[in-house]
Every structure is written in structure tokens, then in C-alpha cells.
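Before any comments, here is the structure.
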Amino acid sequence: MSDLLSLQDKVAVVTGGSRGIGRAVALELARRGAKVVVNYNKSPEAAQAVVSEIQSWGGQAAAFQADVSDAAAAQNLIKCAIDTFGDLHILVNNAGITRDMVIMMMSEQDWDTVQDTNLKSTFNCSKAAVKHMLRKRYGRIISIASVAGQMGNPGQTNYSASKAGQIGFTKALAREVAARNITVNAVAPGFVDTEILASMPPETLEAALKLVPLARKGKPEEIAYAVAFLASDQAAYITGQTLGVDGGMAMM
Ligand code: NAP
């Protein structure tokens, strides 16, 4: 069997790996042989279910609670991953939330919570991971951004800014660490069928789907395949990029 796109013996941390896209990413990385740390914040049972599924096929995984918007908790998550599996090769910054509201009604707290959870978490986890990856001269950092960060969505100034921030962060860090064989990329999903869409009014979602050339929502696994590719050795010459997995919504 070809070992193309294999992640055998790699260690990965997936933030927000308990549900939705993060869950699909954790499962896909594990299917390709990676040992996976499934981070969660408030869903211990869901995270444990992902771990149990991986273990049921003979894979290795562990669940760790950490609110990755908190710098100390993020550092501890990366430390726990290295202590548990002896190394760290892949970091997927996936944890994210929405708090949608038109700007006139958006609270300062909803602005701050979204920046902290989506963008500051990316800084927190990447900083801790890079410290280890620089020494090892190997790393793959992949952040889950969004078409909202590329095109902007009305009612999502906070979310769109956090996702555009992740894209800028990706480019800057990619340049900073390239010499040490660490690649840094983003994946920008369009509308993907997870619980995060539940907060969207159905008529808004229906109108939004009219903007998708492939005329449907994405599946979490379709994001996971792109992440697994960027995490692989075959993607060694790709860095600083944002890969759209959005049914053709944002053709940049
Ligand atoms: P989801 O189903 O709501 O899952 C969100 C995940 O993030 C959960 O596992 C949750 O863990 C975790 N999380 C939230 N806050 C956290 C924190 N402070 N610390 C650690 N984990 C935290 O959302 P999703 O749709 O899978 O979204 C995943 C990522 O994709 C997000 O960054 C989102 O912005 C991005 N994205 C999604 C879509 C879409 O249409 N679904 C489109 C573009 C981009 P707990 O449940 O354990 O708290």
C-alpha cells in the first residue's frame, strides 16, 4: 500500500476536536496514523467519544480539557500532548465560536469573546507549539479560518475580523518559521454542516447557499481531507496559504 499522505508516527493536537469540523479532523488524522490529542472545552463526553472511536480501530488518542483562549491553559495543552505522546508535529487551530449581531447591537463582550476564542487561541497554541517545533525543525500548523474572513459576512464583524486575523497571522508566522521546516497554512471553509450553523436564521442560510456554486453545504469530512493533506509530507512546499474549501464561494 502507498504511504502517500500517511501521518504514521506523527503527533497532532486538534483544538476543539470534540465536535463538528474538529471532530472530523481528529478522526481523519488518526485514520492516517497520527496520535491525536483531542482538545475540548465544555464537551467532555463528546471528546471522549472521539478518543474511543480512534482507539476502537487500534489508534492512539487522548482527550484534554483546555479553554484555548487562555494562554496558560493553551500552554498546558501543548505540554500535556508532548508529555503523553513524546513529540508534537501537527497543530490544528480549530476551536471557534460565533456571536452574531449587527454592529450597533454588538456588545463589547461579544466582540472580545470571539477574538479571544478564535484568534487569540491561535496565537496561544501556535506560540507554545512553535517553541517545540523550532527545536525539532519540523512542524505543520493549520488554522481553520473561514470565507467570512475573506469576503466578510453581515452580522459577523467580530467573527469576520477574527478569521481575517487568522489569515494574516498565518502569513506572518509562515515567513517567520519557514527556515526551520515549519509550514503554516489556513483552511477557509464555507458553510459546513455543524452545530455552529444552528444559530443562523434558516432564511439567512438559504440565501447564503445561493452564493455557493456547488449549491450545497460542505461536510465536516471535506474540511478534514484538506487539513490532512496540508499536514502531510506531500504538502512540504506549501506555506502561508489559505486553502478555500467552500464549494467555490470565495474564488480568491
Ligand atoms: P462547532 O460544531 O460549534 O464546534 C466548535 C468546537 O470548538 C467544539 O469542539 C468546542 O468544544 C470548541 N471550542 C469552542 N470554544 C473553545 C475554547 N475556548 N477552547 C477549546 N475549544 C473550544 O463548530 P464548527 O462548525 O465545527 O467550527 C469549527 C471551526 O471551523 C471554527 O473555528 C469555525 O469558525 C470554523 N468554521 C466553521 C464553518 C461552518 O460552517 N461550520 C465555516 C467556516 C469556518 P466544546 O464543545 O468542548 O466546548
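All values below were derived from every heavy atom in this structure, side-chain atoms included, with hydrogens, water molecules and symmetry-related copies excluded. Atoms within a ligand are numbered from 1 in the order they appear, just like the ligands themselves. Worth saying up front: this structure is predicted, and the values here are computed from it rather than measured.
Side-chain contact check for N93 and S126: at least one donor-acceptor pair (N or O, by modelled atom type) lies under 3.5 Å.
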V227/I144 under side-chain contact (heavy atoms from CB on, under 4.5 Å): CA gap, chis, key distance, verdict: CA-CA 9 Å; V227 172; I144 309 301; 3.7 Å; yes
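Around CG of L205, the count of heavy atoms belonging to other residues, nucleotides or ligands within 6.0 Å exceeds 12.
Applying the salt bridge (Lys or Arg N to Asp or Glu O under 4.0 Å) test to residues at least two apart or on different chains, the pairs with a partner in residues 191-210 are R19-E195, D193-K217.
With values rounded to the nearest 0.5 angstrom, L88 atom CG is found 10.0 Å from K136 atom NZ.
Cation-pi contact between K10 and Y138: present, with separation from the ring centre below 6.0 Å and deviation from the ring axis of at most 45°.
Contact shell of ligand 1 (protein heavy atoms, cutoff 4.0 Å): G16, S18, R19, G20, I21, N39, Y40, N41, K42, S43, A66, D67, V68, N94, A95, G96, I97, T117, I144, A145, S146, Y159, K163, P189, G190, F191, V192, T194, E195, I196, L197.
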